[in-house]
Amino acid sequence: MTECVFCSCTERLFENNLVFAIYDRYPVSVGHMLIIPKRHISSYFESTDAERSAILSMLDSCQKFLQERYNPDGYNIGINVGEAAGQTVMHLHVHIIPRYTGDIDDPRGGIRGAIPEKRVY
């Protein structure tokens with residue numbers, strides 16, 4: 001069995017008793033971060049109420065940090081659950097992706113861009 005890249009991660013920007021935050025190793029944009037539970041679970045739907053609360057609290061902390069450091073114009077927040085949804089590391093992680101005016105030609109549709117032909121409606 002391969003060791004989980006998130007379970008062995010020691011480079012943490014922020015952490016609390018249940019979750020930690022790191023920069024994404026393959027960022028979509030400058031400042032792209034991941035929020036990761038310390039407990040190895042693969043899906044958001046396996047998380048406890050306490051873990052979900054810790055994730056949301058960390059999300060707020062990360063947003064404040066990103067706003068001060070990079071001053072983005074917006075954010076995408078997302079969770080991929082399962083291979084069909086694009087999850088490649090089977091340890092729950094929440095993406096907070098800073099967005100900048102002009103980073104793509106037409107940002108309308110936001111997260112719907114996961115299926116490009118459904119992005120514009």
Side-chain angles (χ1 to χ4, degrees):
M1 182 174 165
T2 306
E3 185 174 332
C4 174
V5 66
F6 292 155
C7 287
S8 61
C9 178
T10 59
E11 298 176 22
R12 299 173 178 192
L13 292 170
F14 305 104
E15 69 180 301
N16 60 35
N17 60 329
L18 296 175
V19 302
F20 62 94
I22 62 172
Y23 281 120
D24 192 298
R25 288 186 182 173
Y26 305 98
V28 171
S29 68
V30 174
H32 181 171
M33 296 179 75
L34 302 176
I35 299 166
I36 304 164
K38 292 179 178 179
R39 184 170 70 101
H40 184 92
I41 53 175
S42 62
S43 167
Y44 175 81
F45 302 106
E46 297 173 38
S47 64
T48 65
D49 288 343
E51 287 166 329
R52 291 175 186 185
S53 179
I55 288 168
L56 291 176
S57 176
M58 185 64 69
L59 186 61
D60 286 342
S61 296
C62 290
Q63 186 275 334
K64 288 175 185 161
F65 168 78
L66 292 168
Q67 198 63 42
E68 289 175 9
R69 175 160 287 187
Y70 301 106
N71 196 32
D73 301 301
Y75 296 90
N76 288 114
I77 300 164
I79 305 169
N80 300 322
V81 179
E83 289 182 23
Q87 186 176 3
T88 56
V89 177
M90 295 304 154
H91 183 137
L92 169 60
H93 54 288
V94 178
H95 295 261
I96 178 167
I97 305 171
R99 298 298 305 274
Y100 303 91
T101 300
D103 61 4
I104 62 172
D105 290 337
D106 184 1
R108 289 180 299 168
I111 197 69
R112 293 177 60 91
I115 302 177
E117 61 272 11
K118 300 286 186 178
R119 184 173 64 85
V120 179
Y121 55 99

(Q) On a heavy-atom basis, which atom in I22 and which in C9 lie closest, and how many Å separate them? (A) CG2-SG, 3.7 Å
Q: Answer with yes or no whether the hydrophobic clustering places L56 together with F65; edges join I, L, V, M, F, W, Y residues whose side-chain heavy atoms lie under 4.5 Å apart.
A: yes
Q. Measuring from L59:CG to L66:CG, what's the distance to the nearest 0.5 Å?
A. 9.5 Å
**Q.** Euclidean distance, L92 CG relative to Q87 CD, rounded to 0.5 Å
**A.** 7.5 Å
Q) Got F6 and H40 here, is their nearest side-chain heavy-atom distance under 4.5 Å? A) no
(Q) Could you report the tightest heavy-atom contact between S29 and P98, atom names first, then the distance? (A) OG-O, 2.5 Å
Q: Return yes if some donor-acceptor pair links the side-chain N/O of Y70 with the main-chain N/O of Y100 below 3.5 Å, else return no.
A: no
Q. Do H93 and H91 pass the ring-ring contact (aromatic ring centres under 6.0 Å, His included) test, and can you show the C-alpha distance, the side-chain angles, and the key distance before you say yes or no?
A. CA-CA 6 Å; H93 54 288; H91 183 137; 7.9 Å; no
(Q) Cation-pi check for Y75 against R99: NZ or CZ below 6.0 Å from the six-membered ring centre and within 45 degrees of the axis, yes or no? (A) no
Q: Taking the side chain as every heavy atom from C-beta outward, state whether M33 and L13 have any pair of such atoms under 4.5 Å apart.
A: yes
Q. Side-chain heavy atoms under 4.5 angstrom apart, residues restricted to Ile, Leu, Val, Met, Phe, Trp, Tyr: same cluster for I104 and V28?
A. no
Q.
Return the CD to CD1 distance between E51 and I35, rounded to the nearest 0.5 Å.
A. 13.5 Å
Q. In terms of hydrophobic clusters joined by side-chain contacts under 4.5 Å, are I36 and Y23 together?
A. no
Q) CG/N16 to OG/S61 distance, rounded to the nearest 0.5 angstrom? A) 8.0 Å
(Q) If the threshold is 4.0 Å, N to carboxylate O, is there a salt bridge linking K38 and E15? (A) yes
Q.
Can you give me the closest heavy-atom contact between S43 and V81, atom names plus distance?
A. OG-CG1, 3.5 Å
Q: Calculate, to the nearest 0.5 Å, the distance between atoms CG and NE2 belonging to D24 and H32 respectively.
A: 4.0 Å
Q. At what distance, to the nearest 0.5 angstrom, does CD of Q63 lie from CD1 of I96?
A. 6.0 Å
(Q) Please determine whether ring-ring contact (aromatic ring centres under 6.0 Å, His included) holds for the pair F20 and F14, giving the CA-CA distance in whole Å, both sets of side-chain angles, and the decisive distance to 0.1 Å. (A) CA-CA 6 Å; F20 62 94; F14 305 104; over 10 Å; no
Q: Answer yes or no: is there a donor N or O on one side and an acceptor on the other, between the side chain of R12 and the main chain of V19, under 3.5 Å?
A: no
Q) Any sub-3.5 Å donor-acceptor pair from S42's side-chain atoms to M90's backbone N or O? A) no
Q) Would I97 and I77 show up in the same hydrophobic cluster when neighbours are defined by side-chain heavy atoms closer than 4.5 Å? A) no
Q: Group every Ile, Leu, Val, Met, Phe, Trp and Tyr by side-chain heavy-atom contacts under 4.5 Å, then state whether V94 and L18 land in the same group.
A: yes
Q) Within the distance-only criterion (no hydrogens, no angle test), does the side chain of D60 pair as donor or acceptor with the backbone N or O of S57 below 3.5 angstrom? A) no
**Q.** Donor-acceptor pair, side chain of S8 and main chain of C4, under 3.5 angstrom
**A.** yes
